[in-house]
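On a predicted model such as this, the values are computed, not experimentally measured, just so you know. Every number for a ligand or one of its atoms is a count from 1 in the order of the listing.
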Amino acid sequence: MSRRGKFITFEGLDGTGKSTQIRKLAGALRSAGHEVIETREPGGTEAGEKIRRLLLDSATEGLSSLAEMALMFAARAQHIAEVIEPALAIGQIVLCDRFTDSTEAYQGNGRRLGSDVVLKLHRLLCGDIQPDLTILLDSEPGLSLGRARARNRRTSNASQSSNRFAGGHRGDENRFEQETRVFFNRVRQGYRAIAAREPERVAVVDATGTPGQTHRQIMEIVERRLKLGPRAA
Ligand code: TYD
């Protein structure tokens, strides 16, 4: 029977470079002989990607904070059942862009629903599954949001020009990026509180360096904490 795999999550404000770092870490781990899957939340499954479109589209108006949190967990429960648990069960390494810490930081702190309800729902709906390691890419909201907004402008322009079937409103992923600086400061404080509460799981990485510098820091943490060296054939 194969050993259970490792579950590594990436967290941080929008635009901190999570997806670039996931790609780089996945490449390095594959070169060392590991089987790796890259996935994201909200999303990662067919149903989850539909929920993602609803949650992130700036045309979605009037969603209550509780409904928003419930949808995040609905997507997550499906993602765990369909993707994360089966991959871990056959010994793969799962790299996931956001997980329950995002709900605690954004809905718990940003929307002020509190941590307790998020952690309770996690126990009820997610079987309390915990990442083996969480990389928190930390940077000031001013810096990361500028990057996230520029990227979303580029991708929504590209999808509008390439999608000749799209009539009426074309979906974007801007709903959260329209939040205020005050909201994102609360999200960042939420993340820092999680890292202070669970230092053995969460490693805080400065996200203001170059992608190469950040990658080297992440490699060092992964090797030290999870002892993921080259895999014996
Ligand atoms: P993502 O695509 O990772 O954004 P980015 O690449 O810009 O970092 O995540 C989409 C948005 O969803 C992001 O603004 C954070 C938000 N979110 C929550 O508010 N709660 C959650 O539980 C999750 C998973 C994401």
Legend entry - Close approach, Arg76 and ligand 1, non-hydrogen under 4.0 angstrom: yes
Legend entry - Atom indices of ligand 1 within 4.0 angstrom of Lys18 heavy atoms, with elements: 5 (P), 8 (O)
Legend entry - Numbered atoms and elements of ligand 1 in range of Glu41, under 4.0 angstrom, heavy atoms: 24 (C)
Legend entry - Protein heavy-atom partner closest to atom 13 (C) of ligand 1 - residue, atom, separation in Å: Asp14 OD2, 3.1 Å
Inset, instruction - Could you find the nearest protein heavy atom to atom 7 (O) of ligand 1 and give me its residue, atom name and distance? - result: Arg151 NH2, 2.6 Å
Legend entry - Contact partition for Thr100 relative to ligand 1, non-hydrogen atoms under 4.0 Å: neither
Inset, instruction - Verify the ring-centre separation between His79 and Phe73: is it less than 6.0 angstrom? - result: no
Legend entry - Donor-acceptor side-chain pairing of Tyr106 and Arg98 below 3.5 angstrom: yes
Legend entry - Test item: Gln21 side-chain N/O and Pro211 main-chain N/O as donor-acceptor pair under 3.5 Å: yes
Inset, instruction - Starting at CD of Glu104, measure out to CG of Asn109 and round the result to the nearest 0.5 Å. - result: 7.5 Å
Inset, instruction - Quick one: look up the protein heavy atom nearest atom 3 (O) of ligand 1 and list residue, atom name and how far away it is. - result: Arg98 NE, 2.7 Å
Inset, instruction - Indicate, as side chain, backbone, both or neither, the part of Glu177 found under 4.0 angstrom from ligand 1 when only non-hydrogen atoms are considered. - result: side chain
Legend entry - Atoms of ligand 1, numbered as shown, that sit under 4.0 Å from any heavy atom of Gln107: 18 (C), 19 (O), 20 (N), 21 (C), 22 (O)
Inset, instruction - Spell out, as yes or no, whether a donor-acceptor pair under 3.5 Å connects the side chain of Arg147 to the backbone of Gly15. - result: yes
Inset, instruction - Can you sort out which atoms of ligand 1 are near Asp97, meaning under 4.0 Å from one of its heavy atoms? - result: 3 (O)
Legend entry - Centroid separation Phe99 to Phe10 less than 6.0 Å: no
Legend entry - Under 3.5 Å: donor-acceptor pair, side chain of Arg52, backbone of Pro42: yes
Inset, instruction - Would you kindly specify which portion of Arg52 sits under 4.0 Å from ligand 1, judged on non-hydrogen atoms: side chain, backbone, both or neither? - result: side chain
Legend entry - Glu68 contact mode with ligand 1 (heavy-atom cut-off under 4.0 Å): neither
Inset, instruction - Output, in order, the C-alpha distance, side-chain angles, deciding distance and verdict of salt bridge (Lys or Arg N to Asp or Glu O under 4.0 Å) for Arg225 and Glu220. - result: CA-CA 8 Å; Arg225 294 205 184 195; Glu220 197 262 318; over 6 Å; no
Legend entry - From CA spacing to verdict: salt bridge (Lys or Arg N to Asp or Glu O under 4.0 Å), Asp101, Arg201: CA-CA 11 Å; Asp101 294 330; Arg201 171 174 68 86; 2.8 Å; yes
Legend entry - Side-chain donor-acceptor contact under 3.5 Å, Glu41 with Ser102: no
Legend entry - Side-chain donor/acceptor of Arg186 to backbone N/O of Gly110, under 3.5 Å: yes
Inset, instruction - May I ask you to identify the nearest protein heavy atom to atom 21 (C) of ligand 1, giving residue, atom name and distance to one decimal place in Å? - result: Met72 SD, 3.3 Å
Inset, instruction - Specify the protein heavy atom at minimum distance from atom 22 (O) of ligand 1: its residue, its atom name, and the distance to 0.1 Å. - result: Thr103 OG1, 2.6 Å
Inset, instruction - Tell me which part of Leu56 gets within contact of ligand 1: side chain, backbone, both or neither, using heavy atoms under 4.0 Å. - result: side chain
Inset, instruction - Please verify whether a non-hydrogen atom of Met69 lies at under 4.0 Å from ligand 1. - result: no
Legend entry - Where ligand 1 meets Pro42 - atom numbers and elements under 4.0 angstrom, heavy-atom basis: 23 (C), 24 (C), 25 (C)
